[in-house]
J.: 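What follows is a structure written as structure tokens; I'll ask about it next.
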Amino acid sequence: MDFLEELNPKQREAVQAECGPVLVLAGPGSGKTRVLTYRVAYLVRARDVAPWHIVAVTFTNKAAREMRERLASSGDGDSRRPRLLSDRQVEGLTVGTFHATCARILRRESNSLPGRDNNFVIYDTNDQLALVRQAVRELNLDEKKTKPSAILNAISKCKNDLIGPDAFRANSYFEEIVARVYLKYQQLLQTNNAFDFDDLIMVTVELLRSRRDLLIAYQQRFRHVLVDEFQDTNLAQYELVKLIAGSEPSLFAVADEDQSIYSWRGADYRNVLRFRKDYPQHCLILLEQNYRSTATILEAAKHVIRRNADRVDKDLFTRRGAGARIRVVEMYDERAEAQFVVDEIIRLQASDGHPAGSCAVMYRTNAQSRALEEEFIARGMPYRLVRGTRFYERKEIRDALAYLRLVNNPHDSVSLARIINVPPRGIGAQTLADLERWAFKLGVSTYDALLKLEAKSRGERLPLPGPFSGRARNALLRFEELLTHLIAERSRVALPELFDLILVTSGYRDYVRDGSVEGQERWDNLMELRGVTTEFAALEPAEALPAFLERVALVADVDGLNDSDSGPALLTLHAAKGLEFPTVFIVGMDEDILPHIRSTDSREALEEERRLCYVGMTRAKDRLYLLHTRQRTALGQGGASVPSRFLKDIPPELIEGRATSRRQRADDREIPRNQTGRADVRVSWQTRIPATSVKPESVRTAAFKAGDTVVHAKFGEGIVVASHLTADDEEIEVAFPKQGVKRLSATIAPLQRVNRP
DNA sequence: GGACAAGTATTTTTT
DNA sequence: ATACTTGTCC
């Protein structure tokens, strides 16, 4: 297997593991995705697995795309590498996000789904929110007392935990409301022939659970399951993986608990622990060699992450040299911080020809980008802002998509409500509310209500009188006429033509092109969207529209935003995950920013902030700058700020100029603070809070770590797979060749460590 | 039904 | 500071 030669022995071991459950725990920069990709190639080439039988799930479309590309081409720029698979083989694979994969399954099985046909639409967060509002209205609940977003969060959480509306049990007044809205919300989704993002997973699980025949069929189909970023799965996703993998799983999961930064979206890194429990016979492989960062950077990052409990302490190492020390820089405020960053990038460029494009500036919150952008603009330096307003979130794009979705699926009342009066047609909120209520009474979708109104206007007798004044009724009838006309054209003309037709006949084109600069920009955006429709022009009109909509619903960004290296990248720490840069600046290493103020009251949240910091630090290959300020303007009001606690965890000898000087640290303590860390400047110059007011964190370290070989008096030799510090003990899991994985107390069990590298 | 003023909330966001 | 939602008045 010559194509495996470019992997190191450990990576190769993972790739060639037997086809049972395999868990690869891998540190940053250890080649996780590479291992996953090669595993796919290995299954096909060495194990004669038909590509058809392989499903690889990722979390982003980007990751899926990159994986395909690597499999299909010599990849990574160095062109002399052999291809891993042929085009035909790659085409046979199922590589995609959880959501895209589930959407495909549901589309295929839509006849088994109550109230859905295969034209169902996928609602994103905006649509979901609109639907929650509608549900709240229909239940006559007070929108002010119960924030729709809070309800939606709760519903989403339920779905991530596979709790359907019937199974939900309320334990508080708020949850009572949630329970009622949830039920109504699901009904509305069904009436609209729609699923939301979370449904894609939950409904697929429900379907496979209730239909044994389908379950068996999909298990047969997807005999080999691979999961990337496994620490980011939620319960529903893990359940789905388990279902498809079946009782004799060929399941290959790659994870790094220390990079789990999406718990607020339902991700639960404890799925890694569950995996170990659910598949006790699994093969565990640790990838601990980092190929990215200098020893200094890696060491600093390890010191930061080590403070977290509940983790397998991986013993990361690198063969790279120490490299430059980390620069910890204190600036007066965020403007000075930005200046320093720009100055330093220019200096690096001038002194050693370090291209500006290989630098990245990272921050905790999007709002922090402003000071940076202002400085870059003032200095005339180009920069790449990674994910500003996303393309598909622009109003004009969402409006155009709403038209398209409505034409595809007229029962989609959320899209209908969005554009019924855009451009203005004299159908205001009141009229729309009346229409919706009327539709609700008749038990039909909003579009059907419009049809009934039209039938009535032709003189047909209907049981209920429409509640509309002449003016409103005329406006509604004109809209109905427009919509019916567009629907009739749907299966007649090619998609780009349909797109044009919609914009012209709806009056949207003239509405947008009002002669202003912004108007032109919006029009340009619409034309960019039109460009996407041309990719579907060759398909049958009836197929093109649903295919286009699915693509658009599941792809959050448009390619080509982060390609060129025309300047430094500006991005949030979250957005930085999975990327690497020779030089990284993390700005705002201040208490209340990183860790964020909203995280400081819970241990779990604080640990996630720590992981976030770790993710940022480990993006750096050669140079790492950590900046904090003395004073920071937040929400319009300035205040003194305190250096982030994470800075204290970095050993001084790794920091430029810190090893010898205690003075610097003493200076830090001079910064006045109150309990919240942000102090009123005037008061604070008199108040000095001793350093002890900062809560000390546990510095206890585990005696055992994953990978250690131990001998147990009874079980014999085994390998430690996990270690957690508990309140007063250390709990470890040890895999014994004969007896399986045992959970032991490190202080009580008769254990002896055999070796430690 | 639409324009404007006041009020409110403001982390992160793979799909 | 500011963007976005809601309330009031024409």
Side-chain angles (χ1 to χ4, degrees), chain A residues 57-66 96-103 122-129 133 143-144 147-150 153 156 159-160 195-202 228-229 231-234 236-237 259-267 334 362-371 386-390 392-393 395 420-433 469 471-472 475 550-557 571-579 588 592-600 605 608-609 611-613 615-616 633-638:
Chain A
V57 269
T58 60
F59 273 83
T60 65
N61 291 297
K62 193 168 154 238
R65 198 187 324 124
E66 285 170 359
T97 62
F98 271 102
H99 294 87
T101 308
C102 286
I122 298 165
Y123 279 177
D124 69 11
T125 317
N126 278 289
D127 306 319
Q128 287 177 279
L129 218 45
R133 290 210 181 90
E143 243 183 273
K144 271 160 285 176
K147 266 198 338 203
S149 58
N153 265 334
S156 176
K159 291 184 174 182
N160 289 164
F195 289 117
D196 65 20
F197 278 142
D198 303 317
D199 274 343
L200 294 177
I201 316 289
M202 182 175 80
D228 194 14
E229 306 273 24
Q231 77 282 354
D232 285 337
T233 50
N234 60 39
Q237 288 162 335
Q259 292 193 58
S260 164
I261 53 175
Y262 286 102
S263 72
W264 46 275
R265 287 188 89 257
E334 67 271 20
M362 302 174 186
Y363 35 81
R364 176 67 240 263
T365 68
N366 278 311
Q368 290 172 261
S369 76
R370 188 189 311 181
V386 178
R387 79 166 21 274
T389 329
R390 295 155 98 192
Y392 285 109
E393 283 181 4
K395 180 183 181 299
I420 193 167
N421 202 31
V422 183
R425 308 191 165 86
I427 304 172
Q430 194 53 52
T431 306
L432 177 60
S469 70
R471 200 167 107 187
E550 176 144 330
R551 149 88 170 274
V552 162
L554 296 173
V555 174
D557 64 317
L571 69 179
T572 62
L573 289 164
H574 283 91
K577 189 169 162 201
L579 306 176
D592 294 355
I593 303 275
L594 183 66
H596 194 269
I597 189 162
R598 303 270 280 238
S599 309
T600 42
E608 183 143 321
E609 296 292 302
R611 292 194 288 269
L612 204 45
C613 182
V615 166
T633 318
L635 272 45
Q637 210 64 54

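Lettering of chains follows the sequences in order, A, B, ..., and the numbering in each one begins at 1. Note that this is a predicted model, so its numbers are computed, not measured.
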J.: Could you work out which one of B/dG2, B/dT15, B/dT13 sits closest to the side chain of A/H574?
T.: B/dT13
J.: Quick check on B/dT14: is either OP1 or OP2 less than 4.0 Å from any side-chain nitrogen or oxygen of A/N61?
T.: no
J.: Calculate, to the nearest 0.5 Å, the distance between atoms CG and NZ belonging to A/N234 and A/K159 respectively.
T.: 12.5 Å
J.: Looking across every strand, which nucleic acid part, if any, lies under 4.0 Å from A/R425 by heavy atom: base, sugar-phosphate, or nothing?
T.: nothing
J.: Can you identify which nucleotide, out of B/dT11, B/dT15, B/dT12, has its nearest atom closest to the A/W264 side chain?
T.: B/dT12
J.: Going by ring-ring contact (aromatic ring centres under 6.0 Å, His included), name the residues that satisfy it together with A/Y363, two or more places apart in sequence or in a different chain.
T.: none
J.: Hey, does A/N421 have a side-chain heavy atom less than 4.5 Å from the side chain of A/L432?
T.: no
J.: Could you check which of B/dT15, B/dT11, B/dG1 has an atom nearest any side-chain atom of A/T431?
T.: B/dG1
J.: Atom CZ of A/F98 to atom P of B/dT13: distance rounded to whole Å?
T.: 21 Å
J.: Considering just the side-chain nitrogens and oxygens of A/T572, establish if one lies under 4.0 Å of OP1 or OP2 belonging to B/dT13.
T.: yes
J.: Quick one: the side chain of A/R598 and the base of B/dT12, do they pair up donor-acceptor inside 3.5 Å?
T.: no
J.: Round to a whole Å and report the spacing from CD of A/Q368 to C1' of C/dA1.
T.: 15 Å
J.: Let me know, please, whether A/R364 or A/R265 comes out on the 5' side of the other along DNA chain B by nearest nucleotide.
T.: A/R364
J.: Answer with base, sugar-phosphate or nothing: what part of the nucleic acid does A/Y262 contact at a heavy-atom distance below 4.0 Å?
T.: base
J.: For A/L200 and B/dT15, give me the distance from atom CG to atom C1', rounded to whole Å.
T.: 8 Å
J.: Between A/H99 and A/I201, is there a side-chain heavy-atom distance shorter than 4.5 Å?
T.: yes
J.: From B/dT15, B/dT12, B/dT14, pick the nucleotide closest to the side chain of A/N366?
T.: B/dT12
J.: Given atom CG of A/N153 and atom C1' of B/dT11, what is their separation to the nearest angstrom?
T.: 13 Å
J.: Rounded to whole Å, please give me the gap between CD1 in A/I261 and C1' in B/dT14.
T.: 10 Å
J.: List the residues meeting ring-ring contact (aromatic ring centres under 6.0 Å, His included) with A/Y123, not counting sequence neighbours, and say none if there are none.
T.: none
J.: Heavy-atom nearest nucleotide on DNA chain B for A/E608 versus A/N421: which residue maps closer to 5'?
T.: A/N421
J.: Using modelled atom types only, decide if a donor and an acceptor are shared between the side chain of A/R364 and the backbone of A/L594 within a distance under 3.5 Å.
T.: no
J.: Counting side-chain heavy atoms from C-beta on, which of B/dT15, C/dT2, B/dG2 comes nearest to A/T60?
T.: B/dT15
J.: How many whole angstroms separate atom CD1 of A/I122 from atom P of B/dT15?
T.: 12 Å
J.: NZ of A/K159 versus P of B/dT15: gap in Å, rounded?
T.: 19 Å
J.: What nucleic acid atoms does A/T58 come within less than 4.0 Å of, heavy atoms only: base, sugar-phosphate, or nothing?
T.: nothing
J.: Nearest to the side chain of A/P424 - C/dT2, B/dT12, B/dG2?
T.: B/dG2
J.: Between P on B/dT14 and CG on A/L579, what's the gap in Å once rounded to a whole number?
T.: 12 Å
